[in-house]
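As the structure is a computational prediction, the values presented were derived from the model and not from experiment. Numbering starts at 1 and runs along the sequence shown.
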Amino acid sequence: MKHLISITLGILICLFSSNTFAQTKSKYTISGYVNELDSKESLIGAIVYVPSIKKGTSTNTYGFYSITLPSDTLTLVFKNIGYVTKSISLKIEKDTVINIDLESQNKVTQEVVITAKRIESDESQMSKIDINVSDVKDIPAFLGEKDVMKVIQLMPGVQKGSEGNAGVYVRGGGPDQNLIILDDAPVYNANHLFGFFSLFNGNGIKSVELYKGGFPARFGGRLSSVIDINMKDGNKKEYHGDVGVGLISSKATFEGPISKKKPSSFIISGRRTYIDVLTRPFMKSDQNGGYFFYDLNAKTNVELNAKNKLYLSGYFGKDKFYSDGDDTKYNLNWGNATGTLRWNHQYNSKLFSNTSLIFSDFKFEIGLNQNLFSAKYYSGIRDWILKSDYDYALNTENYIKAGVQVIYHTFTPSATVQKIESTTKENINTTNAIETGIYIEDDIQYKNRLKINPGLRISYYQSGSLNKILPEPRLSLAYKIKEDLSSKFSFSLMNQYIHLLSNTSIGLPTDLWVPSTNKVKPQQSFQIATGLAKDLIKKDISLSIEAYYKKMNNIINYKEGASFVDIGNNGNNSISWEDNVTSGQAWSYGSEFLIRKKSGKFSGWIGYTLSWTKMQFDEINEGKTFFARYDRRNDISIVAIYKLLDNEKNQFKDGITLSSAWVYGTGNAITMPIASYNTSNGNQVTEFGPRNGFRMQAYHRLDLGIQFHKRKLKGERIWEFSIYNTYARANPFFYYQNNGKLYKVALFRIIPSLSYNYKF
């Protein structure tokens, strides 16, 4: 730990000593913020570019940019997807602050719009996809719910768990290997409705970034992916709202300024289902039960002065399933809560920092009351996190990021409380752990041809007597073959100190988060990837082809026949979860293809994945290698969005949005019974075939959607009709055998939905 502190102090001293890096008088720094004109919302990833010298940079998560330029008269170009490009010519004679407001394309005529975009071939980072929030709102909705995780599932390299499920499996990794971040806070269970919806309300989201490999050093703690989600800050100029009503839920968002004295804003967004209300008329008079979920996002921020800003954001959500009969009461509850307090500070025109205090809590509870007996089982994970990140724009050739993070984990993998009359029995198992990481990375540009992002993360983990210090080197590079064509390569080594115990594929809340211990080693992955990125700039089309290989070690699974109900429950003897698991390894390799058009009247993408994922555990399947359940040889997604504009105004105010999504995937691999027989004592025994030795039928479906937009005097009205699984494909949810015959159960044949939204 002392070594980590020493290294961290060394990094920070170098960053704070701005005079350490000599800057000639012939160069000066232009810095500032890029915001949206109407709301003053900061824009993430906006491009700042100087065409004459072919140098540029982009804004960080908080809209800040810094670029060092020679003393000369130059033109700076500011652009971002969905906004009108803005150019400024100035004579650079000193360090200058320039704050820019970009105007949305929807407010001007189509004729004067210059399409703003990020050039894929220009970025050193590979295996990264920016998810357009507008795509989340435009594609067909499942039961009227706009779900960012459903859009991520449509990207190459990402597989879903099962029919309708919102879980993601990235390049052969399990659901626990995805680092899902909401405003810097990790989210441990991102599912509502037993996995059919994610907990992210699309109305409150500003940006979504998916990393499938080549991870920057600033991210750590997971093996397979990073899903970085940022909430909207709120409108600093005007009050606005958005109300939506669907078949099973309603939602509302409200945002606006807080004070006229200091730039500040707030946003609050809530959603609740009413499935319990809809099903109540169909229940018997002596029964009471149902299911519902709700979630609430809230955020506020204030600009203290030109160099200091404060942000406070939080998420609160809960699912509840309950049944109340004459003699028995049963409930299943689970929920997430996160909170983030962030302080932005600009030390000078080159150095920017963000310091965050973060809280994250996930827990679930099963309760049973029957006559004089009651029992409660609960589990969860709670984090307190302190992190500090620094951006240093040394010059146009070097952009340095460094930081430190400390996490205090509290795991409750099992806790039971049983009451029989006046007797109470408690069995609570809690474990604490500390996870620390420090990192430094540099985005280097060499002679306008080569871009390199080398990085190093060093992680430290302590739980009980276990102490681990592990290095995590990272490297991404891009070489420009032509102006619009680049070859790319990445390498990353990742460590993960927490595990998810699951024997299902649908993300049930009974999945248990557990720590690494002396018996259970940390997970580790090694991944390399290579590919090509091509931009058809005039047509605003990007094309990428990637191939990857990933090896994962120390992944865990339940032993044959074990599950969460066995933990801590064996008469008078307590069973540790460590005794119920076994460790193994996995391999995943394949190739991905993505062609994408991000803006214009017609947009969408085609994605294709060819992949293999295999596993091996000494105590499972007789030690033989087997395919993972979520192994999928072929996976195809075709998404198309077409916007019919108002011809008279030549802009998208009144109009129609047509959308479609077609998906195809090789069937999941599952384990099937091959025989059953009765033993001498009368018990029935089922014999199973090889682990995941049976393939389900191929999965495919077509979703269609249409939106009718109508501009009102003080707002906009949107009616949306969508159809999930339009041609009623009977996709298998599971199989079972009866009298030697195999039967398939399909979950969703065809589901139409209707929703109404009003923005004001």
Side-chain angles (χ1 to χ4, degrees), residues 35-43 81-84 101-110 113 132-141 144-148 200-207 231-258 260 264-272 274 295-301 599 601 641-659 705-722 753-760:
N35 302 309
E36 185 181 44
L37 177 64
D38 290 336
S39 65
K40 292 295 182 180
E41 183 106 21
S42 60
L43 295 178
I81 295 174
Y83 294 85
V84 181
D101 294 333
L102 295 184
E103 188 174 22
S104 171
Q105 289 182 359
N106 290 341
K107 290 187 64 69
V108 296
T109 63
Q110 199 74 12
V113 171
N132 289 343
V133 176
S134 61
D135 290 341
V136 178
K137 297 179 179 180
D138 288 339
I139 68 170
E145 286 295 313
K146 301 297 185 179
D147 197 329
V148 64
F200 304 110
N201 186 344
N203 286 352
I205 294 176
K206 176 165 68 172
S207 69
M231 291 172 55
K232 291 180 179 178
D233 298 333
N235 196 306
K236 293 183 174 67
K237 297 176 67 175
E238 300 175 329
Y239 294 103
H240 288 281
D242 189 339
V243 178
V245 179
L247 292 180
I248 65 168
S249 69
S250 293
K251 54 191 174 183
T253 302
F254 190 59
E255 61 180 318
I258 297 176
K260 295 182 179 180
S264 58
S265 64
F266 75 92
I267 183 170
I268 184 168
S269 182
R271 174 176 57 164
R272 191 195 190 279
Y274 26 77
D295 48 38
L296 178 70
N297 295 81
K299 187 173 184 178
T300 182
N301 69 92
S599 60
K601 292 173 62 176
I641 301 169
Y642 185 74
K643 296 185 176 182
L644 301 173
L645 306 182
D646 186 322
N647 291 326
E648 294 181 1
K649 300 177 182 178
N650 202 28
Q651 57 184 326
F652 189 67
K653 287 185 178 180
D654 296 348
I656 297 173
T657 300
L658 303 174
S659 60
I706 183 169
Q707 297 178 0
F708 298 93
H709 300 254
K710 180 66 176 178
R711 178 70 65 177
K712 298 291 186 177
L713 182 62
K714 295 184 178 180
E716 181 185 8
R717 178 216 68 195
I718 304 172
W719 280 102
E720 179 175 7
F721 177 73
S722 62
S753 62
L754 180 68
S755 63
Y756 173 82
N757 273 74
Y758 185 71
K759 300 179 181 180
F760 57 92

Distance from Asn203 atom CG to Met231 atom CE, nearest 0.5 Å? 11.5 Å
Nearest-0.5 Å distance, NZ of residue Lys601 to CD1 of residue Ile641: 15.0 Å
Shortest non-hydrogen contact from [X] toward [Y]:
| X | Y | value |
| --- | --- | --- |
| Lys299 | Asp233 | NZ-OD1, 2.8 Å |
| Asn201 | Gly270 | ND2-O, 3.8 Å |
| Leu296 | Ile268 | CD1-CG1, 3.7 Å |
| Gly705 | Pro140 | N-CG, 3.7 Å |

Test side-chain hydrogen bond (donor to acceptor under 3.5 Å, both in side chains) on Ser42 and Lys206; report intermediate values, then the result. CA-CA 10 Å; Ser42 60; Lys206 176 165 68 172; 3.0 Å; yes
Single hit among Asn301, Thr300, Asn235 for side chain to side chain donor-acceptor pair (under 3.5 Å) with Ser265: Asn301
Which one of Glu716, Glu720, Lys643, Arg717 satisfies the side chain to side chain donor-acceptor pair (under 3.5 Å) criterion with His709? Glu716
Gln707 side-chain N/O to Lys137 backbone N/O, donor-acceptor pair under 3.5 Å: yes
Tyr756: ring-ring contact (aromatic ring centres under 6.0 Å, His included) partners, not counting sequence neighbours: Trp719
Residues in ring-ring contact (aromatic ring centres under 6.0 Å, His included) with Phe266, at least two apart? Phe254
Does the side chain of Glu36 pick up a donor-acceptor pair with the side chain of Tyr83 at under 3.5 Å? yes
Could you give the side-chain donor-acceptor pairs of residues 239-249 under 3.5 Å, partners two or more places apart or in another chain?
from: Tyr239; atom 1: OH; to: Pro257; atom 2: O; distance (Å): 3.1
from: His240; atom 1: ND1; to: Phe760; atom 2: O; distance (Å): 3.2
from: His240; atom 1: NE2; to: Glu238; atom 2: OE1; distance (Å): 3.0
from: Asp242; atom 1: OD1; to: Asn757; atom 2: ND2; distance (Å): 3.1
from: Ser249; atom 1: OG; to: Glu145; atom 2: OE2; distance (Å): 2.1

Would you call Lys40-Asp101 a salt bridge at under 4.0 Å N-O? yes
